[in-house]
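Working notes, beginning with the structure itself.
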Protein chains: 2
Amino acid sequence: MGGALRNDAREARRSAILRAAVEVFAERGYEDARMREVAERAGVADGTTYLYFQGKEALLVAILEENAKAFLKRARRDAGRQKDPGAKLRKVIERHLVSLESDRALAHVFQIELRHSRRFLRQVARGQVAEYLRLLQRIIAEGTASGLFRDDIPADVAARAVFGAVDELITSWVLADRPRSLAGQAAPLLRLIFGGLERRAGGSR
Amino acid sequence: MGGALRNDAREARRSAILRAAVEVFAERGYEDARMREVAERAGVADGTTYLYFQGKEALLVAILEENAKAFLKRARRDAGRQKDPGAKLRKVIERHLVSLESDRALAHVFQIELRHSRRFLRQVARGQVAEYLRLLQRIIAEGTASGLFRDDIPADVAARAVFGAVDELITSWVLADRPRSLAGQAAPLLRLIFGGLERRAGGSR
DNA sequence: CCGTGGTGATTGAACGCCCATTCAGTCTCA
DNA sequence: TGAGACTGAATGGGCGTTCAATCACCACGG
């Protein structure tokens with residue numbers, strides 16, 4: 001039999017290659033990244049990467065899918081644990097910021113490298129974004145239905161605006177030479193978002 | 001003397017190449033765009049493009065710089081014509097949406113193709129974005145100083161959040177198969193942004 | 001306990017594709 | 001008629017990818 005040990009070793013090697021790819025892509029950018037360097041940094045021969053991934057672009061897809069899926073899972077779990085739509089939204093946004101702040105190289109790949117223009121890749125990347133947008137939209141619609149949020153902003157527009165605001169803060173953070181803590185910007189960002197979404201208190205009754 | 005006619009002809013040819021580049025980049029994506037196709041569509045020989053631009057990437061830079069500068073100029077003029085910071089912000093955002101909606105191919109290049117590499121993004125594209133962000137930040141700070149906007153959201157965070165929100169709506173519009181009018185989404189977007197920025201009426205005194 | 005054969009994983013030098021760019025020749029016009 | 005603009009076939013090189021050769025490991029028989 002192949003044996004669990006063998007599978008573990010294989011898995012470890014796969015992870016090493018993937019991690020090396022994240023770092024090299026982040027440092028040099030996808031186009032200037034050399035497969036040779038990914039292999040070298042993972043401690044394997046050039047050809048070995050092709051035993052684990054179909055090619056350079058497949059690495060990018062794997063980085064996206066594995067991390068995006070894990071993030072979405074955590075975000076949904078976070079949201080599920082709250083019953084107030086406001087708390088749900090807050091948790092998801094905080095999770096978004098914290099997740100990417102914890103791994104700058106990965107954040108770089110997500111914010112910059114995954115947006116290069118190969119058609120099918122964009123479809124893959126946008127597929128994950130679309131799923132995240134749907135989560136936001138559902139939470140916001142729930143907030144509107146419960147009377148917490150104002151009803152003159154369609155949930156899909158709101159979801160995209162919120163995503164865009166968060167996304168841009170992260171992109172600046174990734175590109176900054178001396179980045180200020182992302183989590184530290186969460187409070188004013190949330191004030192802005194909630195101020196925009198919530199019904200005006202004065203208008204009640 | 002070279003003659004004005006000659007310069008006009010030269011300028012027309014330059015524009016034709018630039019326009020062809022916008023279209024080919026938008027259709028195929030920067031990487032899959034072929035210089036041959038740009039030349040063909042501009043009605044010139046392959047080599048001619050190199051008499052007008054240094055190379056493929058220089059086309060991208062030229063597209064960015066010429067259009068971004070024109071946009072910034074119009075945005076500043078719009079803002080200068082208003083005296084209320086709220087009206088300024090509104091005008092600039094509307095200008096942003098309308099400008100890109102009027103040229104979908106150009107919008108595609110701006111939203112997708114110009115973000116393809118770290119080097120390019122940091123050095124060239126982000127320079128223009130930074131200038132736009134500074135404009136937004138100045139307007140917002142003015143609004144805060146005048147008591148129109150709340151003072152617990154730093155202007156730089158607000159500027160980036162606003163830019164991100166607008167930017168994401170445009171990107172979805174560019175990527176959508178059947179896009180809904182961008183200008184039509186301006187009203188709810190502005191409600192969201194102003195709701196987030198303005199002081200709560202209830203807190204006055 | 002060794003030796004041995006076989007299987008699958010790994011290696012890395014060499015390949016070849018692809019296309020941006022060049023430049024020697026041709027054309028145009030004053 | 002010549003200076004500059006234009007042409008487009010030819011070129012070159014960079015790098016992702018391949019694959020014949022080698023290695024590591026294990027099962028098994030003696």
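Atom set for the values below is all heavy atoms of this structure, side chains included, hydrogens, waters and symmetry mates excluded. Per chain, numbering begins at 1; letters A, B, ... match sequence-line order.
- Rounded to whole angstrom, the span from the CD atom of B:Glu11 across to the C1' atom of D:dA5 amounts to 16 Å.
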- Task: Please test A:Glu23 against A:Arg28 for salt bridge (Lys or Arg N to Asp or Glu O under 4.0 Å), starting from the C-alpha separation and ending with a verdict.
- Result: CA-CA 9 Å; A:Glu23 284 167 15; A:Arg28 308 237 182 278; over 6 Å; no

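- For A:Ile17 and C:dA9, the CD1 to P distance is 13 Å, given to the nearest whole Å.
- Rounded to an integer number of Å, the gap from CZ of A:Arg34 to P of D:dG13 is 16 Å.
- A search for side-chain contact (heavy atoms from CB on, under 4.5 Å) contacts involving A:Ser15 returns A:Glu11, not counting sequence neighbours.
- For the ring-ring contact (aromatic ring centres under 6.0 Å, His included) condition, no pair includes a residue of residues 31-65 of chain A, sequence neighbours left out.
- In terms of phosphate contacts, B:Arg10 brings no side-chain nitrogen or oxygen within less than 4.0 Å of OP1 or OP2 of D:dA5.
- For the side chain to side chain donor-acceptor pair (under 3.5 Å) condition, no pair includes a residue of residues 55-64 of chain A, sequence neighbours left out.
- The stretch residues 49-58 of chain A comes close to DNA chain C through A:Leu51, A:Tyr52, each having a heavy atom under 4.0 Å from the strand.
- Between the CD atom of B:Glu37 and the C1' atom of C:dC18 there is a distance of 16 Å, given to the nearest Å.
- The distance between atom CE of B:Met35 and atom P of C:dT22, rounded to the nearest whole Å, is 10 Å.
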Result block: side-chain N/O donor-acceptor pairs under 3.5 angstrom for residues 173-183 of chain A, not counting sequence neighbours:
residue	atom	partner	partner atom	Å
A:Asp177	OD1	B:Arg122	NH2	2.7
A:Ser181	OG	A:Ala183	N	3.4
A:Ser181	OG	A:Gly184	N	3.0

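- Counting to the nearest Å, the P atom of D:dT7 and the CD atom of B:Glu40 are 13 Å from each other.
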For residues 132-142 of chain B, please give each side-chain donor-acceptor pair under 3.5 Å, one per line with the distance, not counting sequence neighbours.
residue	atom	partner	partner atom	Å
B:Tyr132	OH	B:His96	ND1	2.9
B:Glu142	OE1	B:Lys88	NZ	3.3
B:Glu142	OE2	B:Lys88	NZ	3.1

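- Checking the phosphate oxygens (OP1, OP2) of C:dA9, no side-chain nitrogen or oxygen of A:Arg13 falls inside 4.0 Å.
- Note on A:Arg126 versus B:Glu168: salt bridge recorded, some NZ/NE/NH1/NH2 to OD/OE distance being below 4.0 Å.
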If you restrict it to nitrogen or oxygen atoms, what contacts under 3.5 Å exist between nucleotides 8-11 of chain D and the protein, and what is each distance?
residue	atom	partner	partner atom	Å
D:dG8	N7	B:Gly47	N	3.1

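- Judged as a ring-ring contact (aromatic ring centres under 6.0 Å, His included), the pairs with a partner in residues 27-47 of chain A (not counting sequence neighbours) are, in order, A:Phe25-A:Tyr30, A:Tyr30-A:His116.
- Pairs of residues two or more places apart, or lying in two chains, that qualify as salt bridge (charged side-chain N to carboxylate O under 4.0 Å, His left out) and include a residue from residues 96-113 of chain B are B:Arg19-B:Asp103.
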